[in-house]
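Remarks on the structure that follows.
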Amino acid sequence: MDFKQQVTTALMGVLGDSLPADKVAQLIETPKTSDLGDYAFPTFILAKTLRKAPQQIAQDLVAEIDQSGFEKVIANGPYINFFLDKAVFSDQILTTILTEGANYGQSNLGKGGNVPIDMSSPNIAKPISMGHLRSTVIGNSIAKIMTKVGFNPIKINHLGDWGTQFGKLIVAYKKWGSEAAVKADPITNLLKYYVKFHQEDVAHPELDDEARAWFRKLEAGDEEATQLWSWFRSESLKEFQKIYTMLGVEFDSFNGEAFYNDKMDSVVNALEAKGLLHESRGAEIVDLSDYNLNPALIKKSDGATLYMTRDLAAAMYRHDTYNFVQSLYVVGGEQREHFNQMKAVLKEMGNDWSDEIRHIPFGLITQGGKKLSTRSGRVILLEEVLNDAVQLASAQIEAKNPDLPNREEVAKQVGIGAVIFHDLKNDRLDNFDFDLEEVVRFEGETGPYVQYTNARAQSILRKANQEVTMDADLIVSDANAWDVLKMLSNFPDMIIKASQEYEPSVIAKYALRLAKAFNKYYANSKILADDDQKNARLSLVKSVSAVLEASLALLGVQAPKAM
RNA sequence: GUCAUAGUAGCUCAGCUGGAUAGAGCAACGGUCUUCUAAACCGUAGGUCGCGAGUUCGAAUCUCGCCUGUGACACCA
């Protein structure tokens, strides 16, 4: 039964023709606190047509309304407050969750449509930083959320595996590098060579010429250059894989920039054929003044292609390959203009599917208020942050629960869970200043708080020593349980909201509120008391755990059964 | 300068398709472990919702202007 529909029907019974049903449904709101009821209807809009004070209207309507099926319906000032029948609600929601299990909240809005998601995308030979973490975990969570509403996401790691920096890298490696060092610690040493190159080329500008020459060789398919490039790439990837494993993120494609090398000519040709390409200041551009945008640079004055060219090729490749219903790019907000340009160019080419391309921007991470950058040395290495977090979690377990079995495993789940959750709990667009203590906090509104709540629920289920049955009605009448039951019923709506807004924080905030409601119930009620509602209470605990675990899963956070 | 994005408690943020006394967490202060995991729970204190107009029965929420922060503004990605 749809409870909101029940309220709408009741209202329509007394409103007559004064308001259409969809308008009524739209006006029904959820009061801030349970003591004001479960649904409320404000009567202000009726004041004009009925020529009565809203307070009076509320009273009059309540007197006429059919209250059957509700616990009570009362007038409260200008509002009509509806209190649902708690027994019916309790039984219905708990039965639904126990029956559907992990499928609770699943829908098929997406009808199986393909949704490529451009995410993570680190640069070869450079370490993965906190900035990449955002794209990785946001993209991963969106993929899970999209799956839950029936889409088929395709996670694409658009690696930064091409560009002039590879010329520099090859020069540096040949001058100062060693195979053994790269094999032992690829990222650290490749980065070292790269940095040394930039130090040396100040005094020795001829290095830049060498680098350019090597990059040209690479582009021409020179065997040695290609072999080195491919080796750097695979060593880097191995290193990245360690971090992805820690984060529990998997990809469907690692087609990066290099993959589109042979696909750019056709883009340029197509633009030319449609007469969109213009020469300006020596470069080839597409004019976008109709869109109030700067021109899109397709070719540099030296004839070389650019980021835009490559992304256009990638966009078209993804369209042709996946026939997507949406194409997402989880990329920092500073690239807004770029994606607007890209969509505009595709549109100019006559591709109306360009409307289904969505840039999912996110805020910047700063340190001490300053932007991070590899060159200036302000980098926060993700691996270090994750390791620190695991260590802190381990210390926490030592202090709180030293007898816990498989402590190391749990420390990883909790430490890394804290980092991921911290990144996802706020609006994507919020900037945040990096503070390790803040990121790996275990108390308050954090991932570990949600995990801990679930661990407590699991602990009760273990101690109960009895299976939850659905033989009798699952009625939990405890007042403290009411908010928990209502929170449980909200989960499907939250998933839909999160999917429409591409906002994992919707799920994270929901999980926090559910956990909070459950902890309050837990602190005030004896769940394992032997009375006739014990089975019902256990079904509530089981449902809470199921939904908490499902929520964490949507965020890509693990849920240990004990911690 | 243009465009985008943000400004809510000491700090970090919810709330923003208009609605009932503006909510959390952290930090501070004070309570609760002989009873299901105290990574928890309860309480106290803390706010001109950047500023000023406008629309409305009603504005943190919508419109306009201003101030401040951040980002982007063609040959990087």
Side-chain angles (χ1 to χ4, degrees), chain A residues 26-27 29 31-33 36 40 42-45 47-48 53-54 76-79 81 121 123 158 160 162-165 257 280-286 288 292-308 310-311 331-338 340-341 361 363-364 366 369 371 393 396-397 399-401 404 414 418 422 425-427 429-433 435 437-438 441-453 455-464 505 509 512-513 515-516 518-529 537-538 541 562-563:
Chain A
Q26 196 192 330
L27 284 165
E29 51 190 85
K32 285 178 208 162
T33 53
L36 289 169
T43 58
F44 303 101
I45 23 93
K48 266 183 194 163
N76 187 341
Y79 290 86
N81 291 344
S121 311
N123 295 317
H158 190 76
W162 200 255
T164 47
Q165 72 268 25
E257 295 172 6
S280 168
R281 300 184 213 172
E284 301 277 333
I285 64 151
V286 175
L288 297 174
N292 202 18
L293 290 167
N294 284 316
L297 271 158
I298 304 299
K299 270 191 172 180
K300 299 207 273 188
S301 41
D302 66 1
T305 54
L306 284 140
Y307 178 44
M308 179 60 72
R310 207 171 287 276
D311 259 9
V331 178
E334 65 274 18
Q335 290 194 39
R336 270 201 166 84
E337 173 99 352
H338 168 76
N340 286 336
Q341 290 177 321
L364 226 54
T366 53
K371 197 177 169 179
Q396 192 77 198
I397 292 168
K400 307 266 182 189
N401 197 357
L404 184 72
V414 173
H422 174 267
K425 83 170 168 181
N426 289 134
D427 192 308
L429 286 172
D430 287 355
N431 295 337
F432 75 85
D433 201 64
D435 176 0
E437 261 183 65
E438 187 63 36
R441 187 156 244 137
F442 299 134
E443 289 158 19
E445 296 173 329
T446 64
Y449 173 81
V450 179
Q451 290 173 318
Y452 176 71
T453 307
R456 285 174 124 188
Q458 283 294 322
S459 173
I460 288 185
L461 295 173
R462 282 191 298 272
K463 292 220 161 98
S505 70
K509 278 168 194 144
L512 285 170
R513 278 189 292 148
K516 197 170 169 56
F518 179 73
N519 276 324
K520 183 171 187 162
Y521 170 64
Y522 178 101
N524 292 293
S525 303
K526 182 79 182 162
I527 294 161
L528 290 178
R537 284 194 301 270
L538 286 171
V541 174
M563 64 185 269

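To find a chain, count down the sequence lines: A is the first, B the second, and so on, and within it residues start at 1. For the numbers below, each heavy atom of this structure counts, side chains included, while hydrogens, waters and symmetry mates do not.
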Residue A/Tyr449, side-chain heavy atoms: nucleotide from B/U37, B/A77, B/A40 that is nearest: B/A40
Considering all heavy atoms, the nearest A/His422-A/Phe432 contact: CE1-CE1, 3.6 Å
Nucleic acid footprint by protein, nucleotides 6-11 of chain B - heavy-atom cut-off 4.0 Å, B for base, S for sugar-phosphate alone: ------
Contact under 4.0 Å: A/Arg336 side-chain N or O vs B/C73 OP1/OP2: no
Sugar-phosphate, base or nothing in reach of A/Ile285, heavy atoms under 4.0 Å: base
Side-chain-base donor-acceptor pair under 3.5 Å for A/Ser301 and B/C75: yes
From B/G15, B/A4, B/A39, nucleotide with atom closest to A/Lys509 side chain: B/G15
Sugar-phosphate, base or nothing in reach of A/Arg310, heavy atoms under 4.0 Å: nothing
Rounded distance (Å) that lies between atom C1' of B/A40 and atom CZ of A/Phe518: 11 Å
Between CG on residue A/Leu364 and CG on residue A/Asp430, distance to nearest 0.5 Å: 12.0 Å
Touch class at under 4.0 angstrom, heavy-atom based, for A/Lys48 against every strand present: sugar-phosphate
Touch class at under 4.0 angstrom, heavy-atom based, for A/Met563 against every strand present: base
A/Arg513 CZ - B/G25 C1' separation (whole Å): 14 Å
Donor-acceptor side-chain pairing of A/Ser505 and A/Asn426 below 3.5 angstrom: no
Residue-phosphate contact under 4.0 Å: A/Lys400 side-chain N/O, B/A39 OP1/OP2: yes
Give me, pair by pair, the N or O atoms of the protein and of nucleotides 59-64 of chain B that are less than 3.5 Å apart, along with how far apart they are.
none

Euclidean distance, A/Lys425 NZ relative to A/Tyr449 OH, rounded to 0.5 Å: 12.0 Å
Touch class at under 4.0 angstrom, heavy-atom based, for A/Ala562 against every strand present: base
Atom-pair distance (CD on A/Glu437; C1' on B/G25), nearest Å: 15 Å
Sugar-phosphate, base or nothing in reach of A/Thr33, heavy atoms under 4.0 Å: nothing
Gap between atoms CG and C1', on A/Asn294 and B/U2 respectively (whole Å): 9 Å
C1' spacing across the pair B/A24 / B/U35, given as an integer number of angstrom: 30 Å
Sugar-phosphate only, base, or nothing, as touched by A/Glu257 at under 4.0 Å among non-hydrogen atoms: sugar-phosphate
Nearest-0.5 Å distance that lies between atom NE2 in A/His338 and atom CG in A/Asp311: 3.5 Å
Gap in Å between the two P atoms, one belonging to B/U63 and one to B/U5, rounded: 12 Å
Any side-chain heavy-atom pair of A/Tyr307 and A/Gln335 under 4.5 Å: yes
Distance in angstrom units between A/Tyr522 OH and B/A39 P, rounded: 10 Å
Of A/Thr453 and A/Ser280, the one whose closest RNA chain B nucleotide lies more 5': A/Thr453
Candidates B/U37, B/U5, B/C75 - which lies nearest the side chain of A/Asn401: B/U37
A/Ala455 backbone acceptor or donor facing A/Ser459 side chain under 3.5 Å: no
Rounded distance in Å between the P positions of B/U55 and B/G1: 31 Å
B/A14 and B/G47, which share atom name C1', separated by this distance in whole Å: 15 Å
Check: A/Ser525 and A/Tyr521 side chains under 4.5 Å, non-hydrogen atoms: yes
Among B/A39, B/G71, B/G25, the one nearest A/Tyr452 by side-chain distance: B/A39
Base-pair map of RNA chain B as dot-bracket, where | denotes pairing with a different strand and pairs are Watson-Crick or G-U under 3.5 Å: (((((((..((((.....[...)))).(((((.......))))).....(((((..]....))))))))))))....
Where the chi angle of B/C29 falls, syn if within 90° of 0 and anti if not: anti
Pairwise side-chain contact, A/Leu512 with A/Thr446, heavy-atom cut-off 4.5 Å (strictly under): no
Nearest to side-chain heavy atoms of A/Lys32, which nucleotide of B/A20, B/A4, B/A14: B/A20
Distance between P atoms of B/C26 and B/G65 (Å, rounded): 41 Å
Sugar-phosphate, base or nothing in reach of A/Pro361, heavy atoms under 4.0 Å: nothing
Sugar-phosphate, base or nothing in reach of A/Leu293, heavy atoms under 4.0 Å: nothing
Interatomic distance at C1', B/G50 relative to B/U44, whole Å: 29 Å
A/Val286 side chain reached by A/Ile298 side chain, heavy atoms, under 4.5 Å: yes
Nearest to side-chain heavy atoms of A/Ala455, which nucleotide of B/U37, B/C76, B/A20: B/U37
Given RNA chain B, 5'-ward residue of the pair A/Ala283 and A/Ala40, judged by closest heavy atom: A/Ala40
Spacing between A/Leu538 atom CG and B/C36 atom P, to the nearest angstrom: 15 Å
Residue A/Gln335, side-chain heavy atoms: nucleotide from B/A39, B/A20, B/A77 that is nearest: B/A77
Sugar-phosphate, base or nothing in reach of A/Ala47, heavy atoms under 4.0 Å: nothing
Side chain proximity check, A/Leu288 to A/Asn294, heavy atoms < 4.5 angstrom: no
Whole-Å C1' distance, B/A6 and B/C16: 13 Å
A/Asn519, nearest nucleotide to its side chain (from B/C41, B/C36, B/A20): B/C41
Nearest-Å distance once atom C1' is located in both B/C11 and B/A45: 16 Å
Nearest atoms (heavy-atom pairs only) where A/Pro42 meets A/Glu29: CG-OE1, 3.4 Å
Touch class at under 4.0 angstrom, heavy-atom based, for A/Glu334 against every strand present: sugar-phosphate
Below 4.0 Å: OP1/OP2 of B/G25 and any side-chain N or O of A/Lys516: yes
Interatomic spacing from CZ in A/Arg537 to CD1 in A/Ile460 - rounded to 0.5 Å: 10.0 Å
Proximal nucleotide (of B/C76, B/G25, B/A14) relative to the A/Leu306 side chain: B/C76
Atom of A/Arg336, atom of A/Pro361 and distance for their closest heavy-atom approach: NH2-CG, 3.6 Å
Heavy-atom check, side chain of A/Val414 versus side chain of A/Gln396, under 4.5 Å: no
Contact check, side chains of A/Tyr522 and A/Val541, non-hydrogen atoms, under 4.5 Å: no
